[in-house]
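Treat the numbers as computed from the prediction; the structure is a model and nothing was measured. Within every chain, numbering begins at 1; the chains are lettered A, B, ... in the order of the sequence lines, protein sequences first and strands thereafter.
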Amino acid sequence: KAGVTQTPRYLIKTRGQQVTLSCSPISGHRSVSWYQQTPGQGLQFLFEYFSETQRNKGNFPGRFSGRQFSNSRSEMNVSTLELGDSALYLCASAPPAGNNEQFFGPGTRLTVL
Amino acid sequence: GQSLEQPSEVTAVEGAIVQINCTYQTSGFYGLSWYQQHDGGAPTFLSYNALDGLEETGRFSSFLSRSDSYGYLLLQELQMKDSASYFCAVNTDKLIFGTGTRLQVFP
């Protein structure tokens with residue numbers, strides 16, 4: 001079974017631009033969660049989608065948004081980028097009846113200049 | 001709020017045993033998870049404790065005490081490949097991660 005894939009792997013943007021990141025979960029997984037990882041703040045939960053609906057949301061500004069498609073693929077969007085948005089963005093998928101394990105993708109490294 | 005504290009760094013030698021502690025302040029959660037992340041890699045699941053006590057998975061064991069708001073990951077027979085960052089995380093309606101512990105294993 002293929003793992004979680006994320007595209008692109010690396011991205012460089014400038015302040016004020018917007019960006020869209022993509023995540024394809026493991027086949028059969030319907031839950032997709034997004035995390036931001038930075039050296040200063042660690043791993044922080046952004047949001048979770050399940051069956052095309054946002055199920056949970058972390059404490060991030062409205063510039064961060066996401067969606068999930070009928071095939072469980074998910075995208076997250078960050079508008080009006082700030083320097084502080086530079087981070088590794090990880091997505092993770094989970095099976096419908098799992099043992100609480102989340103399967104992480106390799107991440108997208110976003111650099112905002 | 002919910003917070004999980006871990007030591008920032010731990011060092012050990014090959015073959016040794018190391019314990020990584022996790023203390024938390026949270027109002028309620030389903031269980032405590034542990035993840036490993038190598039530099040440049042994705043976090044990978046190691047273990048989950050839903051109940052108090054010890055869970056053993058090969059060289060790794062994890063412990064949870066809800067009354068003490070405390071858990072730990074025990075790594076035995078350390079190998080060089082165990083050098084990585086380790087995160088505890090509480091499972092609520094989302095995963096809340098600890099601050100992370102960087103483990104360095106020396107020959």
Side-chain angles (χ1 to χ4, degrees), chain A residues 1-7 9-10 21 23-26 29 31-50 53-60 64 66 74 76 87-95 97-109 111, chain B residues 1-9 20 22-51 55-58 60 62 64 66 71 73 84-103:
Chain A
K1 225 181 214 184
V4 177
T5 58
Q6 292 187 244
T7 56
R9 292 294 312 278
Y10 302 91
L21 312 181
C23 171
S24 292
I26 292 172
H29 290 192
S31 165
V32 174
S33 298
W34 288 89
Y35 298 85
Q36 181 195 66
Q37 186 172 28
T38 59
Q41 299 296 318
L43 269 159
Q44 293 189 286
F45 172 80
L46 280 156
F47 29 65
E48 181 206 1
Y49 285 87
F50 182 84
T53 301
Q54 187 180 88
R55 193 154 68 170
N56 289 298
K57 191 177 189 308
N59 297 322
F60 279 81
F64 292 81
S74 178
M76 69 162 280
L88 180 67
Y89 289 89
L90 293 157
C91 86
S93 71
N99 63 346
N100 298 287
E101 176 180 357
Q102 293 205 0
F103 296 80
F104 282 81
T108 294
R109 172 74 63 186
T111 301
Chain B
Q2 296 163 320
S3 66
L4 296 92
E5 295 295 324
Q6 300 177 235
S8 59
E9 189 167 358
I20 298 174
C22 173
T23 57
Y24 58 84
Q25 293 181 1
T26 182
S27 54
F29 61 98
Y30 302 120
L32 186 71
S33 298
W34 287 90
Y35 284 80
Q36 178 193 60
Q37 186 179 30
H38 285 98
D39 285 348
T44 56
F45 175 83
L46 291 176
S47 69
Y48 176 73
N49 291 69
L51 304 174
E55 291 284 341
E56 296 179 79
T57 311
F60 295 177
S62 57
L64 173 63
R66 289 176 185 265
L73 179 70
S85 293
Y86 293 83
F87 296 88
C88 60
V90 289
N91 296 65
T92 62
D93 54 355
K94 55 197 174 209
L95 263 185
I96 300 170
F97 283 88
T99 50
T101 299
R102 187 173 184 85
L103 170 64

Worksheet entry | Residue pair E55(B), L46(B): steps toward the side chain to side chain contact (heavy atoms under 4.5 Å, CB included) verdict | CA-CA 11 Å; E55(B) 291 284 341; L46(B) 291 176; over 6 Å; no

Determine, step by step, whether V4(A) and C23(A) satisfy the side chain to side chain contact (heavy atoms under 4.5 Å, CB included) criterion, reporting the C-alpha distance in whole Å, the side-chain angles of both residues, the deciding distance to 0.1 Å, and the verdict. CA-CA 7 Å; V4(A) 177; C23(A) 171; 3.8 Å; yes

Is there a side chain to side chain contact (heavy atoms under 4.5 Å, CB included) between W34(A) and F64(A)? Walk through the geometry before answering. CA-CA 11 Å; W34(A) 288 89; F64(A) 292 81; over 6 Å; no

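In summary, of the residues considered (F104(A), F103(A), Y35(A)), a ring-ring contact (aromatic ring centres under 6.0 Å, His included) with Y35(B) occurs for F104(A) alone.
Residue-level contacts of residues 88-96 of chain B with chain A, in order of numbering, are N91(B), D93(B), K94(B), L95(B); threshold 4.5 Å between heavy atoms.
For Y30(B), no part lies near chain A; criterion is any non-hydrogen pair under 4.5 Å. In this structure, the portions of Q102(A) lying under 4.5 Å from any heavy atom of chain B include both its backbone and its side chain. For a residue to count as touching a neighbouring chain, one of its non-hydrogen atoms must lie under 4.5 Å from one of that chain's; by this rule L90(A) touches chain B with the side chain only. Contacts of Q37(A) with chain B are made by side-chain atoms alone, with heavy-atom separations under 4.5 Å and no backbone atom involved.
Distance CD/Q36(B) to CD1/I20(B): 9.5 Å, rounded to 0.5 Å. Residue R55(A) holds its CZ atom at 4.0 Å from CD of E48(A), rounded to the nearest 0.5 Å. Interatomic distance, CZ of F60(B) versus OH of Y86(B), reported as 4.5 Å (0.5 Å rounding).
Residues passing the salt bridge (charged side-chain N to carboxylate O under 4.0 Å, His left out) test with R109(A): none are found, sequence neighbours excluded.
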